[in-house]
Amino acid sequence: MRSPILDYLDSIIATTEHVDSGSTADYIPELAAADPTRAAIALCTSNGTVYASGDADHEFSIQSMSKPFAYALAIEDHGLEYVLDRIGVEPSGDAFNELSLDPETGKPRNPMINAGAITTHSLINSEGEKTAVDRMLEYFGDLADRPIRVDEAVANSELATAHRNLGLAYLLHGSGALPADPTESVTGYIRQCAASVTVSDLALMAATLANGGVQPKTGKQLLCRRTNRHLLSVMASCGMYDAAGNWLTTVGIPAKSGVAGGIIGVLPGQIGVAVFSPRLDAHGNSARGVAMMELLSEDMGLHLMEATRPSRSSLRETQLVSLVDGTEATIYVLQGDLVLSSIESLVQEIVTHPPRTDLVVFDMSRVDEVMPVAERTSSETAAKLIEEGYRIIVVDPEGTVENFADSHGRTIERWTPEQLSDAVR
Ligand code: GLU
């Protein structure tokens, strides 16, 4: 049976067929010559399943969709503070190839416009024989889980007409914002932009960002969680150039476009998506690609600002039991993800109806994940209970809170689920 998800992606390609506005990027001859009727879409879930439709095997150059990944590599090489000292994170409101420098700091406004991206490229370390471009390609390969190469025809075509980017780089160099050699930085940046990918590759790359930096197929952690969150924030505010505000209100997901006609989008915790169609609108974003993303977001309810159902209470039930040795115990059976809103009901229950037994058991067998805020709140609650003379036991077979201690650092006793059922029997 053909997956209904594939049927749905086919329908997006069909529904947007009439969108023929805009034109291919004219300042790079090889892109100007692209077949404007091509269209493709792919989505990848956080378990690594890729669904693709349309011209899904067609390769095109990654262009500016390389920028977030280059930024990630620069951060992994030097640390966030070092990179933030050199490139800002403010939306510029300018076109992608403007010399947008912050008037106060003299830094490029953000890493998604060319001024910031050329500086970003110059920050990527070479390693022995490996140039920054080699490292970028290796990184793309890890993200897409297949070897990624430079399309030499696209790279040469852009290099031959790179006057504006060279101009930007020399101005950046002159103002002290680009310490590296301007020509070398632009050459490397253009080769990074000419990496050849399909929508399926891009969906996997985007899904890695959706997955907190873990490549969903290989399980490799390719970005640390903090860099990943930072990157998604910059994509949300600056990824669609001077259409960023409009994009965030309509489609509502962190995204990045490229002048070859691709757009990637990331729905944190859920999916990575990629679309392709070469004709660009006035902002340099794929016109049909934007239409495909708008449809997808609307139909699938992907908008990040959609207020979802409040998390259900983490307190499933409270049991008062007699143990085999005659002692009485209160068992709080917890469930789901422990976040502030879900754990609040447990804390409230303990505060308003303090346990009536000395022994208090937290059964976390049904808990999926414990967010730092919930762990902190639990440690503080545990400390207060211990101070009031209670004995606390945690049953946590999945290790959701390893080495759980109260807020004074006292380790909390742990039981296995078998110990709990033996004690209650
Ligand atoms: N290589 C392109 C340039 O620098 C990338 C621009 C884009 O994709 O938006 O002009």
Side-chain angles (χ1 to χ4, degrees), residues 22-34 59-71 87 91-100 108-122 124 132-133 136-137 140 148 150-172 178 182-197 199 202 205-206 234-235 238-244 247 255-265 274-287 289-290:
S23 48
T24 52
D26 55 3
Y27 71 105
I28 303 176
E30 195 69 17
L31 298 187
E59 293 201 9
F60 53 94
S61 50
I62 190 167
Q63 297 299 341
S64 284
M65 293 176 290
S66 65
K67 291 173 182 174
F69 302 103
Y71 186 52
I87 307 160
S92 71
D94 289 328
F96 70 97
N97 55 6
E98 256 338 278
L99 179 67
S100 268
R109 289 233 196 232
N110 68 64
M112 301 293 135
I113 51 168
N114 288 9
I118 295 169
T119 303
T120 302
H121 183 86
S122 77
I124 298 169
V133 176
M136 262 325 315
L137 291 172
F140 293 150
I148 300 292
V150 168
D151 180 331
E152 296 295 341
V154 171
N156 291 333
S157 174
E158 185 169 354
L159 278 168
T161 55
H163 317 298
R164 188 163 179 111
N165 279 333
L166 283 167
L168 279 180
Y170 276 95
L171 285 170
L172 287 169
L178 176 70
T183 308
E184 258 176 45
S185 304
V186 170
T187 308
Y189 159 74
I190 284 177
R191 289 185 67 73
Q192 160 197 317
C193 288
S196 190
V197 289
V199 278
L202 290 169
M205 295 165 88
V234 176
M235 284 169 71
C238 312
M240 298 300 277
Y241 303 132
D242 42 338
W247 176 268
K256 186 73 208 84
S257 63
V259 280
I263 304 177
I264 53 169
V275 293
F276 167 70
S277 172
R279 289 196 190 98
L280 308 179
D281 63 16
H283 305 288
N285 300 323
S286 165
V290 170

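Computed from heavy atoms alone, side chains included, the values below leave out hydrogens, waters and symmetry copies. Numbering of ligands and ligand atoms starts at 1, following listing order.
At a threshold of 4.5 Å between non-hydrogen side-chain atoms, the residues Leu202 and Phe276 do not count as touching. When side chains are defined from C-beta on, Pro91 does not count as touching Arg109, because their heavy atoms never get closer than 4.5 Å. Annotation: side chain of His283 is not in contact with side chain of Val290 (no heavy-atom distance under 4.5 Å).
Every residue meeting the side chain to side chain donor-acceptor pair (under 3.5 Å) condition with Asn114, not counting sequence neighbours, appears here in chain and number order: Lys67, Asn165, Tyr189.
Protein residues with a heavy atom under 4.0 Å from ligand 1 are Tyr27, Gln63, Ser64, Phe96, Asn114, Glu158, Asn165, Tyr189, Cys193, Tyr241, Gly258, Val259.
One finds no salt bridge joining Arg191 and Glu158 here, because no Lys/Arg side-chain nitrogen approaches an Asp/Glu carboxylate oxygen to under 4.0 Å.
Note: Ser286 OG to Leu280 CG = 6.5 Å, rounded to the nearest 0.5 Å.
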